[in-house]
Every structure is written in C-alpha cells, then in structure tokens.
> 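The structure that follows is given in the form of structure tokens.
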Amino acid sequence: MFREQVVRQQTSFLKFLYSSLILQEAPEVRRILESIADFKYRHTAWAMEDGKRKGEEFDASFNYRELEKLKELKTYNQVLEYLREDLEQNLKSYESEEPTILRFKNDDTYFLSQLKGLEAEGVVTAFNDHQTLPGVELSEENRKALVFFLLEETFKEYELITIYTFYKIYSTNATANSAFTDLAYDSIYHLKRFGELAAQMGILPLPRVVSVEKFRRENLLQFLKENIEEEKDAEKNCLILAEKIGNPQLKEFLLFISRQELYHGELLQRALESLQ
C-alpha cells in the first residue's frame with residue numbers, strides 16, 4: 001500500500017514543483033504551487049517511513065507518463081486544471097484508515113480547495129527552447145555553457161533529492177541522518193532555482209526516474225566518497241561559469257551555489273566518518 005503511495009506522492013511532488021516553475025508570469029499562483037510541492041515532498045517521505053516499518057520494498061519511481069503531460073499543456077489555466085485532476089485522483093486512492101493516509105486526505109482536500117476557482121493568465125513557454133534569458137545578454141559561448149550547466153544540474157539535483165531522502169529515512173546513524181536531511185532540502189532548493197532559470201530559457205527538462213541500484217546499502221560508503229569528489233568538481237564548475245557570465249546577478253547566484261557545494265562536501269564527509 002505505502003509503496004504505491006510513495007510513487008503517487010512523488011509524482012504529485014514533481015507535478016506541483018515543475019508547474020510552479022512553468023507559471024513564470026503568475027507569482028502569487030506560483031507561491032501556492034511551490035508550497036503544495038513542499039508538502040508533497042513530505043508526503044513522499046512519510047509514505048516511505050510507513051513502508052519501511054511495514055517491510056515494504058522501496059520504489060524510487062514516479063509516473064513519468066503523467067508528468068510528461070505537462071509538455072502538452074499550452075496555457076497556465078490548463079496547468080491548473082491538470083493539478084486539480086491530480087489531487088482528485090489522489091483523494092480517490094485514500095481508502096485506508098492509516099493515520100498517514102488520513103493526513104494525506106486532509107491535506108489534499110485543503111489543497112484542492114485552494115486550487116478550485118484559481119485562474120492564471122499566461123502561455124506556457126518553459127519547453128519552447130528559445131534559449132534566451134530575460135534582461136541578460138549572453139555570448140554564444142556563454143549561452144551554450146549555461147544551457148549545458150542547467151540541464152545537467154536539474155537532472156542531478158532530482159537524483160540527489162531521491163537518494164538523500166532514501167538514506168535519511170533508512171539511516172540509523174544520527175549524524176548521517178542529519179547530514180542527509182540537510183542535503184535533501186538543499187537539493188530541493190537547488191532544483192527550484194536551476195529549474196527556474198531553465199524554464200525562463202525554455203529548456204526545462206523533466207526529471208528521469210532514478211535507478212534503484214543507487215540505493216543499495218552496501219554501496220553507501222562508496223557513494224559518499226564519490227559524491228565528495230563530485231561536490232568539489234561542482235564547486236569548480238560553478239566558479240568557472242561565474243567568471244564567464246557577465247551578468248552580476250547570475251554571477252552572484254553561481255558564487256552562492258559554489259559555496260554551497262563546498263558545504264555539501266563537508267556534510268558528506270561528516271556522514272562518511274560517522275559510518276566508517
């Protein structure tokens with residue numbers, strides 16, 4: 001039961017998060033959608049916790065075909081209708097009297113009431129590949145570098161959200177658990193910000209389902225060692241791109257991210273030392 005709900009809630013999390021990125025010209029509606037996405041992430045984690053207690057096998061997948069429907073939507077109001085339908089389908093699936101399921105039902109009932117009657121004027125441009133950034137002049141070389149960076153990072157951050165969430169739930173080590181929790185929430189923030197820029201450029205990529213092989217516990221120490229090195233590389237890449245980009249705001253953002261990558265490496269090192 002909870003394995004199914006992990007997939008359902010993970011799909012809803014992504015639907016609301018990516019919809020919030022798509023509705024660029026409707027800031028108040030975006031705020032509501034992003035808030036619901038944050039709850040949906042917690043729903044996913046709660047379903048994983050309950051599944052673990054009941055001995056259910058973890059499933060890292062989400063309904064990609066449902067998420068892909070976003071690319072077919074032309075207007076902001078169509079996106080909102082798509083989200084209302086998602087909540088309505090969720091509510092039909094909550095047949096159990098388990099406390100977590102009742103919590104999902106209560107939350108989604110309220111979220112649906114927020115979306116009913118909500119409208120937003122606008123045309124979806126997040127997937128049209130125009131590759132320009134409002135108010136920012138980029139050379140051809142810098143444009144290509146930024147596009148490559150955003151595509152790579154949005155894919156990577158979703159993968160890390162899923163991996164860190166799994167480890168924070170299945171870890172019995174308090175130090176490692178704390179590190180994984182911080183890393184999961186930072187990765188969500190990074191996905192929002194990278195996805196926001198990608199949507200503005202019309203290159204928003206949908207996430208890929210993460211292979212369950214990445215969650216094998218015997219590979220945890222190796223995963224931590226490899227990711228410490230990857231965080232160091234990411235910090236360098238951000239610094240290089242920051243120097244190339246002429247726009248002051250973009251440069252400051254990339255420098256901020258580079259400093260966060262260093263901190264992530266420290267968190268991973270802390271987790272590694274606590275588990276060895």
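These figures come from a predicted structure and were not determined experimentally.
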> Does the plane of the ring in Y164 sit parallel, tilted or perpendicular to the ring in F223? Use 30° and 60° as the thresholds.
perpendicular
> Taking the six-membered ring for Trp, are F111 and F104 closer than 6.0 Å centroid to centroid?
no
> Give a yes or no on whether F148 atom CZ has more than 12 heavy-atom contacts from other residues, nucleotides or ligands under 6.0 Å away.
no
> Taking distance alone, no hydrogens or angles, what donor-acceptor pairs closer than 3.5 Å link side-chain atoms of residues 66-82 to residues at least two apart or in another chain?
| residue | atom | partner | partner atom | Å |
| --- | --- | --- | --- | --- |
| E66 | OE1 | K15 | NZ | 2.8 |
| E66 | OE2 | K69 | NZ | 2.6 |
| T75 | OG1 | Q78 | N | 3.2 |
| Y76 | OH | Q24 | N | 3.3 |
| Y76 | OH | E25 | N | 3.1 |
| N77 | OD1 | A120 | N | 2.8 |
| Q78 | OE1 | K74 | N | 2.7 |
| Q78 | OE1 | T75 | N | 3.4 |
| E81 | OE1 | R84 | NE | 3.2 |
| E81 | OE1 | R84 | NH2 | 3.2 |
| Y82 | OH | E66 | O | 2.9 |

> Can you tell me how the ring of H43 sits relative to the ring of F39, calling it parallel under 30°, perpendicular over 60° and tilted otherwise?
perpendicular
> Taking all atoms of both residues into account, what is the closest heavy-atom pair of F2 and I101, and its distance?
CE2-CD1, 3.9 Å
> Could you name each residue pair satisfying salt bridge (charged side-chain N to carboxylate O under 4.0 Å, His left out) that touches residues 221-233, not counting sequence neighbours?
E229-K232
> Do Y189 and Y185 have their ring centres less than 6.0 Å from each other?
no
> Scan residues 165-179 for pairs that pass salt bridge (charged side-chain N to carboxylate O under 4.0 Å, His left out), counting only residues two or more places apart or in two chains.
none
> Where is the tightest heavy-atom contact between T162 and Q10, given as atom of each residue plus distance?
OG1-NE2, 3.7 Å
> Please find the pair of heavy atoms, one from S93 and one from Q5, that lie closest to each other, and give the distance.
OG-NE2, 3.2 Å
> Scan L224, L220, L267 and name whichever one has a side chain to side chain contact (heavy atoms under 4.5 Å, CB included) with L272.
L224
> Under the salt bridge (Lys or Arg N to Asp or Glu O under 4.0 Å) test, which residues partner D182, sequence neighbours left out?
none
> Taking side-chain contact (heavy atoms from CB on, under 4.5 Å) as the definition, give me every residue that meets it alongside T125, ordered by chain and number, with sequence neighbours left out.
N128
> For residues 108-117, pull every pair meeting salt bridge (charged side-chain N to carboxylate O under 4.0 Å, His left out), keeping only residues two or more places apart or in separate chains.
K40-D108
> Can you list everything that forms a salt bridge (Lys or Arg N to Asp or Glu O under 4.0 Å) with E49? Sequence neighbours excluded, please.
K52
> Could you work out, with salt bridge (Lys or Arg N to Asp or Glu O under 4.0 Å) as the rule, every residue matching K244, not counting sequence neighbours?
E141
> Among R103, K54, K105, R53, exactly one meets salt bridge (Lys or Arg N to Asp or Glu O under 4.0 Å) together with E98. Which residue is that?
K54
> Evaluate K156 against E159 for salt bridge (Lys or Arg N to Asp or Glu O under 4.0 Å), listing each step before the verdict.
CA-CA 5 Å; K156 177 187 173 185; E159 182 176 278; over 6 Å; no
> Count the heavy atoms of every other residue, nucleotide or ligand shown that sit under 6.0 Å from CD of E137, and state whether that count exceeds 12.
no
> Does Q269 have any side-chain hydrogen bond (donor to acceptor under 3.5 Å, both in side chains) partners at least two apart in sequence or in another chain, and if so, which?
E273
> The test is salt bridge (Lys or Arg N to Asp or Glu O under 4.0 Å); show your working for D38 and K192 and say whether it passes.
CA-CA 11 Å; D38 289 341; K192 289 176 181 178; 2.9 Å; yes
> Using the side-chain contact (heavy atoms from CB on, under 4.5 Å) criterion, which residues pair with S178? Sequence neighbours excluded.
none
> Which residue pairs pass the salt bridge (charged side-chain N to carboxylate O under 4.0 Å, His left out) test with at least one member in residues 194-207, sequence neighbours excluded?
R30-E196, R193-E196
> Just list the side-chain donor-acceptor pairs under 3.5 Å for residues 247-260, sequence neighbours left out, or say none.
| residue | atom | partner | partner atom | Å |
| --- | --- | --- | --- | --- |
| N247 | OD1 | Q249 | N | 3.1 |
| N247 | OD1 | L250 | N | 2.9 |
| S258 | OG | L255 | O | 2.6 |
| Q260 | OE1 | H190 | NE2 | 2.4 |

> What are the two closest heavy atoms between L206 and F155, and how far apart are they?
O-CE2, 3.0 Å
> Compare every heavy atom of Y41 with every heavy atom of A184, then report the nearest pair and how far apart it is.
CB-OH, 3.5 Å
